[in-house]
Student: 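This is the structure, below, for whatever I ask next.
On a predicted model such as this, the values are computed, not experimentally measured, just so you know. Protein chains get the first letters and strands the later ones, always in sequence-line order, with residue 1 at the start of each.
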Number of protein chains: 2
Amino acid sequence: MLGVRKAWVLYTPEINEETKTLIEQSLAQRRMLLLIGKCRVEYQGRATSRLDAGDRLIIVKQDHSLLVHRPIGHEAVNWQLSGCVFRVSIEEGALVVTSIHQRPHELVKICFDQLHLAVILNLKDQAEFTLHATEEDMQKAILLEPSILEDGFTPVSYEKKVEPGFVDIYGVDSEGRFAVVEIKRKAAGRNAVLQLSRYVKTLREGANREVRGILAAPEIAKGCQRLLESLKLSFKPLNPQKCASILQRTKTLSLTDFLETHQ
Amino acid sequence: MLGVRKAWVLYTPEINEETKTLIEQSLAQRRMLLLIGKCRVEYQGRATSRLDAGDRLIIVKQDHSLLVHRPIGHEAVNWQLSGCVFRVSIEEGALVVTSIHQRPHELVKICFDQLHLAVILNLKDQAEFTLHATEEDMQKAILLEPSILEDGFTPVSYEKKVEPGFVDIYGVDSEGRFAVVEIKRKAAGRNAVLQLSRYVKTLREGANREVRGILAAPEIAKGCQRLLESLKLSFKPLNPQKCASILQRTKTLSLTDFLETHQ
DNA sequence: TGCTAAATCTCGAAC
DNA sequence: GTTCGAGGTTTAGCA
């Protein structure tokens, strides 16, 4: 019944059977649905929350995820993950939208005392999203160009299982010593140092020979410099943006450029 | 110039000076602004991202935070924290909304090739939000009713500084032994066990006497039971929802009830 | 202001 | 399915 338009708008819709049916239809047809109005919100699931009456924006997406947004604050005050089942009803003059999610079992109940606006959207979006300068980019950059970590460093493997987890990069330094590399895209704190230390300890005991630990991060938290030194670990300043630019350069290099750089 | 209505709607607005001016005014007046249309999005800041053309919902809130939502996926694909400065312009027939944030310095640029809908909202929401069954609720419940942890347990202090952090609760058990309690609201993993172990170690060395470690959580991860036992730590199953109900009960108790319960 | 830990964290990958 | 760690994490609480 709804045509090919991108958006249908109901301005100050009454809370009645007609409005209820339209909302039910837009949910059944997997449209994106915006409801703006004065409402109360309850949540029960992993935790429990309550929010008294106020004006909010409610978003139901095509994957049946739910967002409740207040006029301020960048995060949603209540939400529901993809795959909800919705029930719409009218109770004591209020339009009630209930969303139920399984695994984890959670319920969000929204009671609208007033509806200011209802919008039904038919959006198309197939584009791909790309993100750069992540910790994974830093890891790739070191593997592609190990000299940014240390002259003479040669990666041997990465994501290697070492109790109590996985080391980011594992290799050999210019003097033939084993070296474990822990990468952080932000300032490395106490936990990063302790984690690296645990890896070094495990590998030392396993290999029964010297193993270096190298922490690669933009900076190291002030109090942790001493801890790092006392544990005989190294620190190498490394910026995620610089790593991203190395990947970009490598990606855009022609074959000739590549051969020149690596001859 | 905009009156007291809750919502103004521009249906398929043209990309021209008039639309640009209206958007600029709604930003200047700190309205909540929704823009729905076909757009491209770029982000530069702590990382870098790119998203090609597609239909999206853009939200600018009254605190000048920004959200870019795709038709599916519960999380925003791009966002900007509260306190942005916006610039609106028309470039090569596209409406360009640029948001700039300081500290961290970040930029989100949205280029609309088409606008399906623009909504300007004047929302009022003063209600308070309450959340229950958090880790803090669990801590409070144990302090109020220590027997849920262990018969005869007596809390001495909480949030006590013990390297390398703060212990959740610190007390004495029925046999007079010191006990450190580590609380987790979800299944406790290896890290929780290791952290508790570090606290116990520090306190043992400091006090030079026996110190027990008690891990209170809904459950313990499978592989960690052995680790817990080898470190001679205890585990007490404890549910956040149950703790919340204890707090609720305590809160709603009359003075008479309280005296009866604690006589 | 800076740091630390929790979160209805979410998400993805690996086992 | 479970577990584990990254994230433009964000946010709240303190030193």
Student: Of all residues at least two apart in sequence or in a different chain, which pass the salt bridge (Lys or Arg N to Asp or Glu O under 4.0 Å) check with K201(A)?
Tutor: E205(A)
Student: Would you please confirm or rule out a distance under 4.0 Å between OP1 or OP2 of dC4(D) and any side-chain N or O of R190(B)?
Tutor: yes
Student: Whole-Å distance between dA6(C) P and E182(B) CD?
Tutor: 7 Å
Student: With P as the reference atom in both, quote the distance from dT4(C) to dT8(C) in angstrom, rounded to an integer.
Tutor: 22 Å
Student: Closer to the 5' end of DNA chain C via nearest nucleotide, is it A221(A) or D168(B)?
Tutor: A221(A)
Student: For H101(A), which residues count as a ring pair (Phe, Tyr, Trp, His ring centres under 6.0 Å) partner, sequence neighbours excluded?
Tutor: none
Student: By nearest heavy atom, map E135(B) and G189(A) onto DNA chain C; which one lands nearer the 5' end?
Tutor: G189(A)
Student: Please report the distance, rounded to the nearest Å, between CD1 in I72(A) and P in dT10(D).
Tutor: 18 Å
Student: Any salt bridge linking E42(A) with R40(A)? Criterion: basic side-chain nitrogen under 4.0 Å from a carboxylate oxygen.
Tutor: no
Student: Who passes side chain to side chain contact (heavy atoms under 4.5 Å, CB included) against T130(A), sequence neighbours left out?
Tutor: H132(A), R50(B)
Student: What's the closest nucleotide to the side chain of R103(A) if the choices are dA6(C), dG1(D), dT1(C)?
Tutor: dG1(D)
Student: Scan the side chains in residues 211-219 of chain B for donor-acceptor partners under 3.5 Å anywhere in the protein, sequence neighbours excluded, and list what turns up.
Tutor:
{"unit_1": "R212(B)", "atom_1": "NH1", "unit_2": "E150(B)", "atom_2": "OE1", "d": "2.9"}
{"unit_1": "R212(B)", "atom_1": "NH1", "unit_2": "E150(B)", "atom_2": "OE2", "d": "3.4"}
{"unit_1": "R212(B)", "atom_1": "NH1", "unit_2": "D173(B)", "atom_2": "OD2", "d": "2.8"}
{"unit_1": "R212(B)", "atom_1": "NH2", "unit_2": "E150(B)", "atom_2": "OE2", "d": "2.9"}
{"unit_1": "R212(B)", "atom_1": "NH2", "unit_2": "S234(B)", "atom_2": "OG", "d": "3.3"}

Student: Base, backbone or nothing for each nucleotide of nucleotides 9-15 of chain C, written B, S, -, heavy atoms under 4.0 angstrom, 5' to 3'?
Tutor: SSS----
Student: Looking at N191(B), does any N or O in its side chain come under 4.0 Å of the phosphate oxygens OP1/OP2 on dT3(D)?
Tutor: no
Student: On the side chain of Q80(B), is there an atom forming a donor-acceptor pair with the base of dG8(D) - under 3.5 Å, no angle test?
Tutor: yes
Student: Output the single nucleotide from dG7(D), dT8(C), dA6(D) whose closest atom is nearest the side chain of K184(A).
Tutor: dA6(D)
Student: Could you work out, with salt bridge (Lys or Arg N to Asp or Glu O under 4.0 Å) as the rule, every residue matching R204(A), not counting sequence neighbours?
Tutor: none
